[in-house]
Q: 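Quick one: the structure is below, and I'll ask about it shortly.
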Amino acid sequence: DYPEYLNAGVELTDVMVTKGFGDHTALIGNGRQRTYKELTDWTNRLAHALVQDLGVMPGNRVLIRSANNPAMVACWLAATKAGAVVVNTMPMLRSGELAQIVDKAEITHALCDTRLMDEMASCAKKSKYLKTVVGFDGTSNHDAELDRLALQKPVGFEAVKTGRDDVALLGFTSGTTGDPKATMHFHRDLMIIADGYGREVLKVTPEDVFVGSPPLAFTFGLGGLAVFPLRFGATATLLENASPPNMIELIETYKATVCFTAPTAYRVMLNAMEDGADLSSLRAAVSAGETLPAPIYDEWQAKTGKPMLDGIGATEMLHIFVTNRFEDARPNCTGRPVTGYEARTVDDNMQDVPAGDIGRLAVRGPTGCRYLNDNRQKKYVRDGWNITGDSFVRDEEGYFHFAARNDDMIVSSGYNIAAPEVEAALLSHAAVDECAVVGAPDEQRGNIVEAHVVLATGFAASENVRKMLQDHVKAMIAPYKYPRSVRFHSALPKTATGKIQRFVLRELNK
Ligand code: 3SK
């Protein structure tokens with residue numbers, strides 16, 4: 001029931017001022033705080049500059065390149081107000097990766113933090129689409145071309161009257177396979193994730209202060225660190241380098257109440273609590289992007305008295321669609337669908353598998369899944385259901401339990417072994433800080449279970465430690481699942497969004 005004409009940029013700024021939040025702090029970052037009124041004026045001036053000086057027209061695809069900071073949020077909102085279709089990108093992308101996005105999305109304009117201009121400029125030089133690249137000052141000192149243009153403009157801007165089903169955003173999947181897909185999201189989708197997950201599950205209020213690590217370029221971050229806070233008059237804190245110590249500092253300084261990050265960061269925070277870090281202001285700890293190991297869930301509950309909210313989302317669906325809730329969160333459980341979404345576990349023929357069996361997770365809901373110009377649509381969307389890359393078990397009560405990424409099932413001597421189960425067993429040993437389990441080719445068994453382990457401080461790689469971990473797994477779960485191969489690393493390869501790149505580990509055996 002959203003109005004026929006809806007502009008998400010306006011909803012998250014001007015409308016919030018009209019609702020009385022003008023003097024409330026909207027964004028904190030790079031040493032500055034902005035109220036909703038200041039953010040509204042800032043985005044309106046920027047929108048004028050985009051339209052008048054850069055010639056942005058409704059429907060143009062505008063790329064934004066930045067780390068998480070208030071200026072990036074302002075550019076995103078301004079381009080949205082101008083009716084553009086925005087593609088937010090991560091700062092670490094190189095010109096070749098930017099070129100893939102520019103070509104796929106037919107980007108005409110790029111707004112780039114001046115500190116990240118080199119790769120953008122070299123991408124633009126070779127592009128047949130991208131004609132306008134303009135710098136903005138990510139440090140919020142208004143000391144770049146786009147800022148100077150904006151400063152000359154009035155604070156009132158008549159936003160483009162976009163339809164609620166006009167495309168506002170293209171989300172690129174992280175592209176670990178090297179062939180990224182873009183998913184289209186409408187103006188109304190941005191409202192739906194806030195009014196669904198944000199309102200129903202997180203119960204956001206204007207008193208909330210958000211903190212977190214996912215990049216705004218990843219829709220997990222855009223929702224958690226911009227859309228949810230701004231929709232409800234709350235405050236978002238933004239970190240260009242969201243290491244756990246930096247997040248802890250923000251939580252302590254601003255008494256943050258809601259945190260969005262991945263399990264590995266929560267593990268570091270739990271350790272920091274032992275050394276006196278005060279995270280008592282947090283009322284919601286949202287974990288997604290990776291499976292949440294039960295020991296982290298349990299320790300968080302024990303130390304804070306509150307459950308962690310594990311959830312699964314997808315760029316395809318814009319945000320989280322199955323989640324635990326405060327009222328009935330459980331360890332080793334991802335919960336139930338967010339209102340408005342339906343989830344099933346299916347076999348290869350789209351038939352429901354019985355409760356208790358592993359099946360492929362399929363989801364249907366109002367925010368997806370629509371790929372841009374991609375014939376993989378028919379592979380990943382069947383009968384209106386998006387087939388995710390994950391296998392889950394649905395229990396009798398309708399709760400979903402993660403089993404494995406579809407490529408994380410290891411078939412060894414005819415046994416189906418879910419790699420995350422072995423990972424959970426390893427993680428329950430004090431010697432293991434992080435681990436990833438993959439299948440390694442083996443002549444006799446087809447595959448063997450191979451564990452890649454980062455040891456905790458105080459433990460060193462040795463034959464004894466290897467044997468100790470193997471025995472530990474044999475004692476925890478069916479012995480045939482133990483890792484016949486254990487390899488030690490100082491760090492595991494990860495994507496920009498913090499997901500362990502298991503394919504890189506698999507490559508080690510090729
Ligand atoms: O689970 C994820 O990877 C995800 C992706 C996009 C948006 C939200 C989430 C949690």
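Numbering of ligands and ligand atoms starts at 1, following listing order. As a basis for the values below, the full set of heavy atoms in this structure was taken, side chains included, without hydrogen atoms, waters or symmetry mates.
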Q: Could you list which atoms of ligand 1 come closer than 4.0 Å to a heavy atom of Ile320?
A: 10 (C)
Q: Side chains of Lys181 and Thr315 only: does a donor on one sit below 3.5 Å from an acceptor on the other?
A: no
Q: For the pair Phe392 and Phe400, name the ring-plane relationship: parallel under 30°, tilted 30 to 60°, perpendicular over 60°.
A: perpendicular
Q: Using the benzene-type ring in the case of Trp, are the ring centres of Tyr197 and Phe228 under 6.0 Å apart?
A: yes
Q: Please could you name the atoms of ligand 1 that Leu318 approaches to less than 4.0 Å, counting only its heavy atoms?
A: 7 (C)
Q: Establish, from distance only, whether the side-chain atoms of Asn386 and Glu316 form a donor-acceptor pair under 3.5 Å.
A: no
Q: Which atoms of ligand 1 sit under 4.0 Å from any heavy atom of His319?
A: 7 (C), 8 (C)
Q: Specify the protein heavy atom at minimum distance from atom 3 (O) of ligand 1: its residue, its atom name, and the distance to 0.1 Å.
A: Lys499 NZ, 2.7 Å
Q: Do Arg370's NZ or CZ and the ring of Phe186 fall within the cation-pi criteria of under 6.0 Å and 45°?
A: yes
Q: Taking the inter-plane angle between the rings of Phe260 and His319 on a 0 to 90° scale, is it parallel (under 30°), tilted (30 to 60°) or perpendicular (over 60°)?
A: perpendicular
Q: Starting from atom 10 (C) of ligand 1, what is the nearest protein heavy atom, named by residue and atom, and what distance separates them?
A: Ala288 CB, 3.4 Å
Q: Compute whether any side-chain donor of one residue and acceptor of the other, for Arg487 and Asn509, lie under 3.5 angstrom apart.
A: yes
Q: Give the atom numbers and elements of ligand 1 that come within less than 4.0 Å of a heavy atom of Thr219.
A: 6 (C), 7 (C)
Q: For ligand 1, is Gly289 a contact, meaning one of its heavy atoms is under 4.0 Å away?
A: yes
Q: Give me the nearest non-hydrogen protein atom to atom 9 (C) of ligand 1 as residue plus atom name, then the distance to 0.1 Å.
A: Gly313 CA, 3.5 Å
Q: When you measure from atom 8 (C) of ligand 1 to every protein heavy atom, which one gives the shortest distance, and what is it?
A: Phe220 CB, 3.5 Å
